[in-house]
Amino acid sequence: METTKFFLSEKDMPRQWYNIQADLPKPLPPVLHPGTKQPIGPQDLAPLFPMELIKQEVSQERWIDIPDEVLDIYKLWRPSPLYRARRLEKALDTPAKIYYKWEGVSPAGSHKPNTSIAQAYYNKMEGVKRITTETGAGQWGSALSLACNYFKIECKVYMVKVSYNQKPYRRVMIETWGAKVVPSPSNDTNAGRAILAQTPDSPGSLGLAISEAVEDAATREDTKYSLGSVLNHVLMHQTIVGLETKKQMEMAGDYPDIVIGCVGGGSNFAGLAFPFVADKFKGKATKFIAVEPASCPTLTRGPYAYDFGDVAEMTPLLAMHTLGHKFIPPPIHAGGLRYHGMAPLISHLVREKFIEGAAYKQLEVFDAAIAFCRSEGFIPAPESAHAIKSVIDQALIAKKEGKSKVILFNLSGHGHFDMAAYDNYFSGKLVDIQMPEGDIEKTLDLIKDYPPVK
Ligand SMILES: *Cc1c(COP(=O)(O)O)cnc(C)c1O
């Protein structure tokens, strides 16, 4: 009998995260203070993050131990299964071998608890009583609420308004684990009130919700802030995904020629890819594809530049691919991919040509999702479906060329709370959202005088 799932036992679960900073051929450009334009130090981040996470953010150690308390919670769903997508291969009639790492098995339904659990743990160790955050589609809010519940920390979630309205059950899920949720822009912060005064019907954006959560944390002694993607330490926590997958691919007797993931801030893609990128540094020829929505084309249309992580200009300046921090992406259903920037680590690796970007439109992405549902069965999150679209394209290229490529992708989460999007698709209401002419140019113009990345 042919194997469909590759399982690791709990004792084979990795005990360390992989820090790719130790192996970068060229180091990351420094993070800059927005006032002085000089590199920031750990003390600049101390109001927002616990010191242990700040240390991880800049660490040059290759391996970082995963605390026992974190491993203990990971064990509720980890190691996650690696699947060989035999039915999808058959449906596509491709000689390619397709594998996917299934992260939808976590309690929150995505990869995000891999970092939320770790972040809540380090906050708890340093006596933090309350954590604020933003959430786009609601997956990060769910994951952090879940994590704060385990460690008895109060949690407040600023949820992007368009998702708050589109996905009421995500909100209830966040509340089920104990966190408080408000739609962003909200009246609870200066950043939110400023936007509401200008644009009362603003759909919100991740960049704006970040401003609100950061302001809340920075103005309260007992509160820290937590980010679900983008930052180095977040991407590092996700590497448990790729480290498990490496062992599972060995069990399968294959090594990927192509590694694919969707990218919002970049964490699920990095988590799967970075342990394999380490091999590319040593000469492997693997191709890495980071897939984004055509309506928020950070990697494929945004320049590599210094920019703020948020709308209200409260964060330090990060060197990254960006559409400009004032860019408000159209309200597509893949809410988790609506972010103006991209993780500095991924942006850097794109610039150094280890990773490439690709962009797809909403309708073709849902076509791919349906092809997946009707072969493999699992209903993917609209975010993950971006990766699936790229996988199908690559599998069809392999078919045309008659090559048996090994394709690996991260199925980052399930779409059980996205059925309204599927409903729109079936009733023909889901359309490719055209970006208003000049939107990107306008927001990029605002950052053109920022320091150049050296
Ligand atoms: C949040 C989310 C994403 C996008 O975030 P990344 O940090 O880029 O991974 C992708 N897929 C799912 C299922 C998500 O919940």
Side-chain angles (χ1 to χ4, degrees), residues 80 100-116 119 133-146 157 159-160 163 167 170 173-174 206 209-210 226-242 259-274 288-293 296 298-299 309 320-321 329 332-347 349-350 355 357-360 365 369 372 378-390 409-418 421:
S80 68
Y100 58 94
K101 181 69 163 165
W102 180 214
E103 287 295 308
V105 291
S106 81
S110 78
H111 64 289
K112 291 199 171 77
N114 296 329
T115 185
S116 70
Q119 292 190 44
T133 197
E134 72 290 334
T135 194
Q139 283 124 328
W140 173 242
S142 330
L144 190 67
S145 181
L146 170 80
V157 178
M159 184 169 187
V160 177
S163 301
K167 303 184 181 189
R170 269 281 166 199
M173 194 176 183
I174 298 170
L206 267 182
I210 292 174
S226 169
L227 191 58
S229 187
V230 179
L231 298 180
N232 304 338
H233 68 269
V234 179
L235 273 55
M236 186 189 75
H237 297 154
Q238 292 295 348
T239 59
I240 189 159
V241 174
V259 177
I260 296 173
C262 65
V263 282
S267 73
N268 85 85
F269 171 75
L272 178 68
F274 283 2
F288 294 89
I289 309 177
V291 189
E292 59 190 12
C296 189
T298 318
L299 284 175
M320 60 183 176
H321 276 276
I332 53 166
H333 281 283
L337 306 186
R338 293 176 71 241
Y339 182 59
H340 70 271
M342 184 55 61
L345 276 168
I346 290 183
S347 299
L349 289 165
V350 167
I355 294 171
Y360 290 106
V365 163
F372 189 82
F378 297 114
I379 298 178
E383 290 84 357
S384 319
H386 285 72
I388 295 171
K389 168 62 182 157
S390 171
F409 77 100
N410 197 345
L411 187 58
S412 52
H414 67 62
H416 297 179
F417 293 88
D418 301 282

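Please read these numbers as outputs of a predicted model, since none were measured by experiment. Order of appearance sets the numbers: ligands from 1, and atoms from 1 within every ligand. FYI, side chains are in, hydrogens and waters are out, and symmetry mates aren't considered; it's all heavy atoms of this structure.
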Visitor: Quick one: are L206 and E134 in side-chain contact, heavy atoms under 4.5 Å?
Guide: yes
Visitor: Which of these, G336, A343, G109, A385, has its nearest heavy atom closest to atom 5 (O) of ligand 1?
Guide: G336
Visitor: G264 to ligand 1: N or O pair under 3.5 Å?
Guide: yes
Visitor: Under a 3.5 Å threshold, yes or no: a donor from one side chain and an acceptor from the other, between S116 and W140?
Guide: no
Visitor: Does an N or O from G266, backbone or side chain, lie closer than 3.5 Å to an N or O of ligand 1?
Guide: yes
Visitor: Suppose I only count heavy atoms of C262 and a 4.0 Å limit; which atoms of ligand 1 are within that range?
Guide: 10 (C), 11 (N)
Visitor: Do Q119 and S226 pair up side chain to side chain, a donor and an acceptor below 3.5 Å, judged on atom types alone?
Guide: yes
Visitor: Under 4.5 Å between any side-chain heavy atoms of H333 and E383, yes or no?
Guide: no
Visitor: If you define the side chain from C-beta out and look only at heavy atoms, does anything of Q238 sit under 4.5 Å from T115?
Guide: yes
Visitor: Quick check: H111 and ligand 1, any N/O pair under 3.5 Å apart?
Guide: yes
Visitor: Less than 4.5 Å apart, any side-chain heavy atom of I289 and any of I355?
Guide: no
Visitor: For G413, take its heavy atoms, then give the atoms of ligand 1 lying under 4.0 Å from any of them.
Guide: 13 (C)
Visitor: What are the atoms of ligand 1, with element, lying closer than 4.0 Å to any heavy atom of S229?
Guide: 6 (P), 7 (O)
Visitor: Identify, by atom number and element, the atoms of ligand 1 in contact range of V263, meaning under 4.0 Å from any of its heavy atoms.
Guide: 8 (O)
Visitor: Going by the order shown, which atoms of ligand 1 are within less than 4.0 Å of some heavy atom of L337?
Guide: 4 (C)
Visitor: Could you check whether E103 and S80, counting side-chain N and O atoms only, form a donor-acceptor pair closer than 3.5 Å?
Guide: yes
Visitor: Any idea which protein heavy atom is nearest atom 12 (C) of ligand 1, and the distance to it?
Guide: S412 OG, 3.4 Å
Visitor: Minimum distance, heavy atoms only, to atom 2 (C) of ligand 1: which one of K112, Q139, R338 is it?
Guide: K112
Visitor: Aromatic rings F409 and Y100: how do their planes relate, parallel, tilted or perpendicular, breaks at 30° and 60°?
Guide: tilted
Visitor: From the options G104, A137, S267, A334, select the one whose nearest heavy atom is closest to atom 6 (P) of ligand 1.
Guide: S267
Visitor: I'd like to check which ligand 1 atoms, numbered from 1 as shown, lie under 4.0 Å from a non-hydrogen atom of N268.
Guide: 6 (P), 8 (O), 9 (O), 10 (C)
Visitor: Report the C-alpha separation of Q139 and R170 in whole Å, then their side-chain angles, then the decisive distance to 0.1 Å, and conclude whether the side chain to side chain contact (heavy atoms under 4.5 Å, CB included) test is met.
Guide: CA-CA 7 Å; Q139 283 124 328; R170 269 281 166 199; 3.6 Å; yes
